[in-house]
Amino acid sequence: MEAGWGLGAAAGRSLLLCAALLAAGCALGFRLGRGRGAADRGALAWLCYDALVHLVLEGSFVYFSLVGNVADSEGLIASLWKEYGKADARWLYFDPTIVSLEILTAVLDGFLALFLIYAIVKEKYYRHFLQITLCVCELYGDWMTFSPEWLIGSPNLDTDDWLHFWVYLVFFNGVWVLIPGLLLWQSWVELRRMHHKGTSLGKKLR
């Protein structure tokens, strides 16, 4: 495909929908995180957006795929997936690996994100257990989305068009590697701090 720099109407609508979900997620997350540190406010903003993407966008993809396929579906969300399907053709028709992963991420990751939001807001003891679990699931989903494709030479990926490659494939999927990675690091630091605090307290009580 010849690379171009134009942004078509379908791409514009799809990016606007993603931006609207991001704005809604950030607004809700910052509201829930009022009075908390910057790290927790940022985590809540991401998790609200994450939950919206999993439950609304990926949940719709699962529905389209189970009743037919994206290519034959209509509506705003279907048009978003058709647009993404220009970058990765597996999303247009029933690919069992992709649909299986999306069932897992839409249901498990979506509800894990909601439970984690609750755990952060209510300061539950299991917050970092949920955070680590969700992040590992997100990273596993990205790996299994692309690793099988890379092993067979990426025949379904369009890497020639700048929008399809850098925005759809690299940016949108890279975000789900970068931010879960940062949240894993946050959990590591917090668990280490709690361990040192508990160890120091135990030594004082001896």
Side-chain angles (χ1 to χ4, degrees), residues 14-15 17-18 21-22 24-26 29 42-66 69-70 73 77-78 80-120 126-159 164-188:
S14 299
L15 292 173
L17 177 56
C18 291
L21 289 177
L22 177 60
C26 287
L44 285 167
W46 163 256
L47 290 168
C48 288
Y49 173 65
D50 190 44
L52 285 172
V53 169
H54 288 316
L55 297 173
V56 176
L57 296 186
E58 294 180 336
S60 297
F61 171 81
V62 170
Y63 172 78
F64 296 145
S65 299
L66 294 180
N69 58 60
V70 167
S73 300
I77 296 179
L80 179 148
W81 286 116
K82 289 178 184 179
E83 181 63 23
Y84 184 78
K86 296 175 182 178
D88 188 341
R90 294 174 298 169
W91 298 79
L92 293 175
Y93 301 97
F94 189 93
D95 181 285
T97 300
I98 293 297
V99 175
S100 296
L101 278 171
E102 286 301 297
I103 291 172
L104 181 68
T105 55
V107 178
L108 179 61
D109 292 3
F111 284 103
L112 274 174
L114 292 178
F115 293 147
L116 180 53
I117 291 168
Y118 173 81
I120 295 174
Y126 49 78
R127 178 256 177 95
H128 287 287
F129 171 78
L130 290 180
Q131 186 160 305
I132 291 169
T133 303
L134 174 61
C135 291
V136 170
C137 287
E138 303 273 22
L139 294 172
Y140 173 78
D142 250 9
W143 174 258
M144 288 305 298
T145 296
F146 290 104
S147 180
E149 183 69 7
W150 291 334
L151 290 174
I152 60 173
S154 305
N156 294 295
L157 304 184
D158 175 16
T159 58
H164 299 164
F165 180 67
W166 289 109
V167 179
Y168 296 172
L169 296 176
V170 175
F171 175 74
F172 279 115
N173 289 286
V175 167
W176 264 268
V177 174
L178 175 62
I179 297 183
L182 292 174
L183 290 175
L184 278 176
W185 176 252
Q186 181 191 43
S187 291
W188 168 265

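When a residue number appears, it is its place in the shown sequence, counting from 1.
Nearest heavy-atom pair across Ala106 and Leu55 is O-CD2, 3.4 Å. Considering all non-hydrogen atoms of both residues, Ala113 and Asp50 come closest at CB-OD2, 3.9 Å. Nearest heavy-atom pair, Leu101 versus Gly141, reported as atom, atom and distance to 0.1 Å: CD1-O, 4.0 Å. The two atoms that bring Pro180 and Glu138 nearest to each other are CG-CB, 3.8 Å, heavy atoms only.
Within the 4.5 Å cutoff, side-chain heavy atoms of Lys82 are placed close to those of Val70. Considering only heavy atoms from C-beta on, Ile120 comes within 4.5 Å of Leu47 through its side chain. Side-chain contact between Ile152 and Pro148 is absent, with no heavy-atom pair separated by less than 4.5 Å. Counting only heavy atoms from C-beta outward, the side chains of Leu116 and Thr133 never approach each other to under 4.5 Å. Side chains of Cys137 and Leu108 form a contact here, defined as non-hydrogen atoms less than 4.5 Å apart.
Taken from CG in Leu21 to SG in Cys26, the straight-line distance is 11.0 Å, to the nearest 0.5 Å. Going from atom CG of Leu134 over to atom CG of Leu183 covers 8.0 Å, rounded to the nearest 0.5 Å. Interatomic distance, Tyr49 OH to Leu22 CG, rounded to the nearest 0.5 Å: 5.5 Å. Rounding to the nearest 0.5 angstrom, the gap separating the CE atom in Met144 from the CG atom in Leu139 is 14.0 Å. Distance check, rounded to the nearest 0.5 Å: CG of Leu92 to CD of Glu83 gives 10.5 Å. To the nearest 0.5 Å, the span separating CD1 on Ile103 from OH on Tyr63 amounts to 14.5 Å.
A search for side chain to side chain donor-acceptor pair (under 3.5 Å) contacts involving Asp95 returns nothing, not counting sequence neighbours. By the ring pair (Phe, Tyr, Trp, His ring centres under 6.0 Å) test, Phe165 is found to be paired with no residue, residues two or more places apart in sequence or in another chain being considered. Applying the side-chain contact (heavy atoms from CB on, under 4.5 Å) test to Phe172 and every residue at least two apart in sequence or in another chain returns Leu15, Cys18, Val167, Tyr168. Listed by chain and residue number, nothing satisfies the ring pair (Phe, Tyr, Trp, His ring centres under 6.0 Å) test with Phe64 (two or more places apart in sequence, or in another chain). Looking at residues two or more places apart in sequence or on another chain, you find a side-chain contact (heavy atoms from CB on, under 4.5 Å) between Trp166 and Trp162, Val170. Residues satisfying the side-chain contact (heavy atoms from CB on, under 4.5 Å) criterion with Leu178, sequence neighbours excluded, are Leu182. In this structure, the salt bridge (Lys or Arg N to Asp or Glu O under 4.0 Å) partners of Asp88, at least two apart in sequence or on a different chain, are Arg90. Under the rule for a side chain to side chain donor-acceptor pair (under 3.5 Å), the partners of Glu149 that lie at least two apart in sequence or sit in another chain are Asn156. Partners of Val56 according to the side-chain contact (heavy atoms from CB on, under 4.5 Å) rule, which considers only residues two or more places apart in sequence or in another chain, are Leu52, Ile77. A search for side chain to side chain donor-acceptor pair (under 3.5 Å) contacts involving Ser14 returns nothing, not counting sequence neighbours. Under the side chain to side chain donor-acceptor pair (under 3.5 Å) criterion, Arg127 pairs with Asp40, Gln131, Gln186, sequence neighbours left out.
By the 30° and 60° cut-offs, the orientation of the rings of Trp81 relative to Trp91 is parallel.
Residue pairs meeting the side-chain hydrogen bond (donor to acceptor under 3.5 Å, both in side chains) criterion with at least one member in residues 102-112, sequence neighbours excluded: Glu58-Thr105.
Between the side chain of Trp46 and the backbone N or O of Gly29, no donor-acceptor pair lies under 3.5 Å.
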Notebook entry, point to check: What's the verdict on side-chain contact (heavy atoms from CB on, under 4.5 Å) for Ile132 and Trp188, showing C-alpha distance, side-chain angles and the deciding distance?
Noted result: CA-CA 9 Å; Ile132 291 169; Trp188 168 265; over 6 Å; no

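Heavy atoms from other residues, nucleotides or ligands lying under 6.0 Å from CZ of Phe111 number 12 at most. Annotation: Phe146, atom CZ; neighbour count of heavy atoms from other residues, nucleotides and ligands within 6.0 Å is above 12. Environment of CZ in Phe171: sparse, with no more than 12 heavy atoms of neighbouring residues, nucleotides or ligands closer than 6.0 Å.
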